[in-house]
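What follows is a single structure, written as structure tokens, with notes after it.
Letters A, B, ... are given to chains in the order of the sequence lines, protein chains preceding strands, and every chain is numbered from 1. Please read these numbers as outputs of a predicted model, since none were measured by experiment.
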Amino acid sequence: QDKKTLAFVVNGASDFWKIAEAGVKKAQEELPNYTLELKYPEQSSAAIQQRLMDDLVAAGVAAIMVSAVDPKTSTEALDRIAGQVPLFTTDSDAPQSKRIAYIGSSNVELGKDAGKLMLKALPDGGKCIGFVGLPGADNARERIEGVQATIKGSKVEMVDVRGDDIDFARAKRNVADALAASPDVACMVGFYSYNTPLIYETLKESGKLGQIKIIGFDEDPVTLGGVREGAIEGTVVQNPYEWGYQGMKLMAKVLEGDKSGVPADGLIIVPGQVIDKANVDAFETELKSRLGK
Amino acid sequence: MADPFLELIDISKSYPGVIALKGVTLSVAPGEVIGLVGENGAGKSTLMRILGGVAAPDHGVLRIDGAERAAMTIDAAGKAGIAFVHQELNLFDNLDVAANVFIGREPRKAPPLRLLDTEAMRQRTAPLLKKLGADFTPASPVADLSLAQRQLVEIAKALSFDARLVILDEPTSSLTVTETNRLLKIIADLKATGVSVIFISHRLQEVERCADRVIVLRDGRKVGELTGAEIQHEAMIRLMIGRDLKSLYIPPKAPPGAEALALSDLRTSAFPDKTVDLTVREGEILGLAGLVGSGRTEVARVVFGIDKQTGGEIRLKGEPVRIAEPREAIARGIFLVPEDRKQFGLLLDVSISQNISLPDLASYAKAWLIKPAQEDANAERQKRSLNIKTPNVGVLAGALSGGNQQKVVLAKWLSMKPRIIIFDEPTRGVDVGAKQEIYELMRALSDSGVAILMISSDMEEVIGVSDRIAVMHEGRISGLLERSRFSEDNVLRLAVGRPLN
Amino acid sequence: MLKKDLGLLILILVVSATVAFINPRFLLPINLSNTMNLIGLYGIFSIGVGLVIITGGIELSVGSMFALLGVIFVDLLSTYEINWALASLIIVIAGLILGALHGFLVTRMGLQPFIVTLCGLLIYRGIARFYTEDATAGFPFGVTYPALQWLTTGRTLGIPHSFVAFIIIAVVMGIVLHRSVFGRYLFAVGKNEEAARYSGIRTKRVISSAYIICGGLAGLAALFLTLYTRSISPATHGNFYELYAIAAAVLGGCSLRGGEGSMLGIVLGTILLQVLQNLVNLLGIPSSLNFAVIGAVILFGVLADQQIARYGGITQFFRRKTVPQAMPEKQG
Amino acid sequence: MLKKDLGLLILILVVSATVAFINPRFLLPINLSNTMNLIGLYGIFSIGVGLVIITGGIELSVGSMFALLGVIFVDLLSTYEINWALASLIIVIAGLILGALHGFLVTRMGLQPFIVTLCGLLIYRGIARFYTEDATAGFPFGVTYPALQWLTTGRTLGIPHSFVAFIIIAVVMGIVLHRSVFGRYLFAVGKNEEAARYSGIRTKRVISSAYIICGGLAGLAALFLTLYTRSISPATHGNFYELYAIAAAVLGGCSLRGGEGSMLGIVLGTILLQVLQNLVNLLGIPSSLNFAVIGAVILFGVLADQQIARYGGITQFFRRKTVPQAMPEKQG
Ligand SMILES: Nc1ncnc2c1ncn2[C@@H]1O[C@H](COP(=O)(O)OP(=O)(O)OP(=O)(O)O)[C@@H](O)[C@H]1O
Ligand SMILES: Nc1ncnc2c1ncn2[C@@H]1O[C@H](COP(=O)(O)OP(=O)(O)OP(=O)(O)O)[C@@H](O)[C@H]1O
Ligand SMILES: [Mg+2]
Ligand SMILES: [Mg+2]
């Protein structure tokens with residue numbers, strides 16, 4: 001008897017998913033009767049991800065958990081998959097689809113956390129500039145939305161968000177050009193995981209570290225280092241480890257007919273966390289042990 | 001005569017479907033000028049390509065200074081002192097003249113850096129160009145040169161070698177008498193300094209004037225060798241094609257008819273301040289002579305709609321027309337056989353049959369779908385009537401010998417209904433037998449009422465074929481000769497802009 | 001059939017057989033049907049790009065056209081609620097117009113095709129992103145266009161309609177390319193534009209037509225792609241698709257120098273690329289290796305083909321230039 | 001200076017003047033210095049790609065090389081803690097080897113350059129992603145390599161060393177291309193490979209050398225880029241950079257048909273592309289319009305150049321075919 005395969009399909013290659021993978025591995029230890037797989041589409045494109053899922057279904061997987069590239073408008077396509085195998089969503093939800101449950105956090109909430117960090121860093125207010133890979137992507141929009149909602153009415157304002165299409169060199173030059181174009185900028189926000197380290201490096205090179213506040217997202221090692229150093233005010237992280245771990249366990253349970261783990265609204269929210277100088281060491285230690293480094 | 005330093009022994013070479021050479025033996029002694037003649041496709045160029053290391057023989061050996069080898073390489077040929085002017089030009093039109101002359105063996109300066117010594121190149125090129133009477137400089141970009149000028153560059157290149165043997169494969173096919181005479185003089189000088197020359201030409205007069213020995217090839221075999229006084233026009237022709245030829249001129253059946261094409265005050269961009277006036281009548285062959293660069297090709301290009309007409313008028317049967325595109329010219333029955341067939345006349349890697357049908361595809365098609373059988377049938381017909389040497393009409397045009405390629409270009413137009421045909425150097429690289437056939441064809445066309453404008457740099461051809469001759473000099477018609485006043489001297493005088501006696 | 005096409009076919013068969021042997025689910029009707037669907041989607045525009053390449057040009061902007069035409073299409077349908085047939089027509093016409101623009105710039109303004117279509121790549125995507133403010137454009141939940149969806153994403157007897165459309169287009173364009181006067185002109189212009197002009201071919205018109213056809217097919221493909229993904233992120237939708245198309249054409253024997261290529265080759269090239277994608281997913285190869293596997297298979301396939309051609313028996317015959325009937329135009 | 005180069009220079013000056021007029025901060029030393037830095041980074045490999053294009057080839061794999069060589073470099077330095085000078089040497093040599101491989105496949109195996117380097121694009125990125133399991137490779141926090149960083153990202157009197165390196169390379173390669181025998185052969189081979197062979201040029205060797213130089217420069221650029229971003233996401237690092245390089249070369253007058261181009265042109269092409277990027281950021285143009293602006297400026301620049309050349313005054317001079325000096329010699 002073949003083992004059943006459970007697939008965790010992510011939305012593109014990123015370190016973020018390495019942490020989820022650690023959670024999946026942990027779940028694998030506890031689910032010896034299943035083969036757990038983490039699948040990356042070769043590009044962050046809805047079409048390619050869809051194709052990957054079609055192929056997985058064709059290859060006979062038993063259930064899929066997906067971080068849809070474009071959940072809002074992929075309902076139909078997700079339903080097509082959900083019609084063939086049990087489907088779960090993670091990272092970003094497709095509430096109208098026939099998915100069984102969503103496990104993840106809310107990007108708007110994460111953005112609100114970042115907004116609070118900005119207010120704390122700039123008690124007297126100031127101009128902020130944001131940096132992001134794809135400004136139109138849902139996760140970016142929601143994070144920005146959360147930030148805007150929090151700083152509204154304060155003296156802190158976000159004057160611009162520059163996109164870089166996930167090209168690190170362009171991301172770095174965006175920071176340098178922003179420094180040249182707006183000498184009065186008071187803080188910079190890195191919305192994608194690589195934006196924060198690049199802001200940090202650029203400010204360091206131009207000697208502006210400490211003068212301009214940095215607020216980040218995610219747990220890039222340089223970001224954590226900057227937090228520890230005090231150059232970065234803080235960073236807002238999610239908990240993909242739990243998504244991977246809990247998600248896979250849940251999928252196995254559902255396959256075995258036990259639906260008790262699925263809440264009525266189908267939403268399992270794993271809250272994010274604000275990392276600042278105070279808790280950075282503890283967080284990093286835990287992260288390292290999870291990643292087995 | 002001195003002992004040969006170079007021998008080709010029992011050389012054979014075949015290409016799929018053709019035997020290009022069969023058991024040919026040839027030796028070259030120092031200071032000897034060898035004429036190599038034969039019909040198109042006889043194997044002359046192939047033999048030379050083997051000697052130059054560009055092609056390898058299937059069978060046979062080469063012996064250089066007593067050392068035997070199975071095949072030459074380009075390097076070895078260079079080292080053995082063989083300089084080669086290829087029949088089809090091999091110039092780089094992104095470089096200037098001097099760079100082309102010294103390509104592959106540039107003078108260098110700053111030794112470890114291998115920098116180009118452009119100065120030296122130009123200085124060493126200048127006297128060669130002067131010797132050839134070229135009207136361009138070592139710094140002229142080759143892209144700006146006409147075909148004839150390019151041919152001079154190729155010759156200059158061969159002369160720049162300190163060669164023991166210079167191979168000239170149809171060096172004069174685009175040259176006029178003046179340049180040709182200069183070249184013959186240069187050959188004599190080379191000979192005097194002990195350099196050997198192999199000279200290939202379809203203009204047998206030239207061969208007669210310079211060769212010590214003539215080798216005749218037919219169908220890949222050596223069919224004869226003439227020396228000294230035996231080197232006679234008729235003798236060569238007899239060996240080449242196995243029969244005698246009639247005289248060139250075939251009188252028209254009827255006197256010329258009405259004016260078919262008239263150019264008045266025509267201006268071209270090559271000579272913006274000169275105008276051309278010319279009339280071609282139905283049923284006549286009007287020769288257009290002139291020196292290299294005198295603007296004849298430019299006139300043809302304007303009439304055919306390739307280049308913009310910058311002034312004046314073109315009249316067809318008295319009716320003014322505007323021709324903006326070749327297509328419009330073709331629709332009116334004006335056809336052009338271009339001088340550079342490789343660039344403009346043919347699609348080299350397309351079959352003969354498809355080349356022939358190209359300008360008139362619609363008539364081989366039903367509902368826009370081409371009927372290949374009809375194309376092939378027509379191509380077969382043309383192959384037979386023009387005597388194109390090829391196993392079949394599916395062969396790529398580029399694989400044909402130069403003369404046969406020219407016949408394919410002619411076949412394109414002869415398959416359609418011409419009213420006026422402009423031949424720009426119609427027999428460039430065409431052998432005597434085929435030349436005769438082309439002349440007969442031209443005459444047959446003109447007798448059927450077609451007006452023919454024949455641009456030619458071959459004096460023999462201009463005088464021998466035309467009913468009237470117009471001569472161009474620096475962008476304008478400098479004179480018109482009726483048959484009674486045809487002479488080499490008169491044509492030349494007009495060509496250099498001097499008045500007639 | 002040309003030697004090159006034969007080699008490609010053999011490569012496809014070998015790859016497919018290997019995959020089927022390792023994972024028999026490859027042969028499941030649903031998998032074959034999915035793969036056919038993708039072949040159809042990618043094939044439609046690869047044909048257009050192939051035609052442009054045959055004239056000696058290049059077309060780099062199809063991917064960006066998909067983004068631009070896609071967001072407009074979504075907007076026409078969902079914001080302006082225009083009839084789907086009319087909206088589709090508008091998109092295809094918009095594709096034709098963009099193609100005509102490229103043709104105009106290349107032939108009348110004398111710009112290099114690479115520059116023109118590179119600028120198209122940059123500009124169209126930029127406009128698409130600006131138009132939606134980088135947001136994803138998609139059909140609202142629950143809205144369906146049954147007829148349009150049936151036409152584009154539907155299947156009949158398991159055969160996806162995109163594949164049917166592709167095959168019909170390939171056959172028609174194959175006849176146009178290899179049997180018609182226009183097709184002959186395309187090759188002639190690609191081989192030697194000057195000589196073609198001297199033969200009375202309106203070369204500018206022929207070249208423009210190739211770009212126009214390519215634009216029209218890109219417009220059509222944009223429809224299929226939009227209904228396949230149902231949403232368009234203008235920053236990424238269609239990224240690199242121009243490379244897929246060019247790769248399919250070049251694999252299929254089109255030379256970037258122009259004048260060479262066959263419709264069968266383009267079709268086979270497209271099939272190979274999609275089968276390779278399917279292979280990576282089905283064999284459970286880490287997706288990070290996806291591109292590497294595709295690249296390696298292409299490289300070894302082409303290498304093997306070359307080596308066989310160089311030393312081999314049968315194919316030797318096809319390589320000689322002088323061999324009669326070795327002309328691409330003459331073969332199906 | 002060629003006409004084309006002059007036109008490009010004018011375009012750069014016009015664009016710069018416009019930006020400086022709208023936002024005078026464009027002229028701030030720090031901004032100029034930043035832009036120079038990026039010109040240096042992108043210019044180094046554009047030169048290599050330009051050389052390959054001049055031989056009539058194409059090089060599509062540089063972006064993927066950056067990803068592969070970059071992750072290896074990071075690993076050598078931070079995991080294996082190899083001396084930075086040795087590690088840098090290894091990377092440049094690896095670049096040379098990849099270039100040699102391309103040259104080998106193109107010249108000895110007779111594969112099309114487009115295919116070879118497209119496979120390179122796919123394979124190198126695939127290996128890079130597999131090697132790091134798609135994780136971002138970066139230098140650990142706080143780790144510095146003072147000498148290496150000074151060399152690559154340092155500045156002297158405000159001039160970034162990447163720019164200095166670029167200028168040195170451009171001057172050297174400019175001399176090689178335009179003044180040396182080897183450069184002459186590059187042009188000859190690109191224009192007409194057969195004729196070059198007939199002239200006794202070892203064409204295969206010349207073409208291979210171009211790929212090798214290109215590979216070496218890509219290796220060098222990989223070092224600079226790695227130290228610039230300090231971290232490499234193998235899935236995206238260097239994506240589309242091959243297009244930047246080709247665009248710079250083609251803008252600078254290189255023809256994809258080979259045999260044409262100039263070093264000055266490539267340099268100016270690179271400068272234009274980077275000034276345009278700077279413009280978008282400084283003028284506060286939405287980043288979604290980034291590519292559209294670049295595309296539009298390139299298109300209008302090239303169009304204007306073409307139109308001026310066609311009808312204009314000064315440049316008319318450069319286009320006229322040489323008028324032969326009267327013909328006194330002929331009368332003799
Ligand atoms: N590369 C080739 N491939 C196939 N056939 C060839 C090739 N080169 C020459 N041939 C054939 O070999 C024969 C001899 O050609 P060659 O060019 O030597 O003739 P030639 O005597 O120089 O003629 P011409 O006077 O027309 O130049 C011809 O039938 C030609 O078609
Ligand atoms: N392809 C070309 N590019 C640039 N200039 C050219 C070209 N062809 C001819 N010319 C120039 O135009 C002028 C007229 O040349 P044209 O070719 O019409 O003369 P021709 O009498 O036919 O001479 P030829 O015997 O050289 O063909 C000459 O000055 C020549 O240098
Ligand atoms: Mg010959
Ligand atoms: Mg002429």
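The side-chain contact (heavy atoms from CB on, under 4.5 Å) test applied to D:E194 returns D:N192, D:R197, D:Y198, not counting sequence neighbours. Residues forming a salt bridge (Lys or Arg N to Asp or Glu O under 4.0 Å) with D:E260 (at least two apart in sequence, or on another chain): D:K191.
Contact count versus chain C (heavy atoms, under 4.5 Å) is highest, among D:V293, D:I115, D:L118, for D:I115. The greatest number of non-hydrogen atom pairs below 4.5 Å with chain C, out of D:Q112, D:E133, D:R125, is found for D:Q112. Per-residue counts of heavy-atom pairs under 4.5 Å with chain D were compared for C:V116, C:I246, C:I127; the largest is that of C:I246. Between chain C and the residues D:V250, D:L243, D:L60, the most heavy-atom pairs under 4.5 angstrom are made by D:V250.
Taking CG of D:L122 as the start and CD1 of C:I298 as the end, the distance is 6.0 Å to the nearest 0.5 Å. With rounding to the nearest 0.5 Å, the separation of CG in D:L251 from CZ in C:F114 is 9.5 Å. Taken to the nearest 0.5 Å, the CD1 atom of C:I58 stands 8.0 Å off from the CD1 atom of D:I58. In this structure, CG on C:L299 lies 6.5 Å from CG on D:L111, to the nearest 0.5 angstrom. We find the CD1-CG distance between D:I123 and C:L289 to be 11.0 Å, quoted to the nearest 0.5 Å.
Taking non-hydrogen atoms and a 4.5 Å limit, the residue list of residues 62-72 of chain C in contact with chain D is empty. Residue-level contacts of residues 274-284 of chain D with chain C do not occur; threshold 4.5 Å between heavy atoms.
The shortest non-hydrogen separation linking D:G295 to C:C119 is O-SG, 3.4 Å. Closest heavy-atom contact between D:S288 and C:R129: CB-CB, 3.7 Å.
A 6.0 Å sphere centred on CZ of D:F130 holds no more than 12 heavy atoms belonging to other residues, nucleotides or ligands.
Aromatic ring centroids of C:F240 and D:F240 lie under 6.0 Å apart.
Both the backbone and the side chain of C:L256 come within less than 4.5 Å of a heavy atom in chain D.
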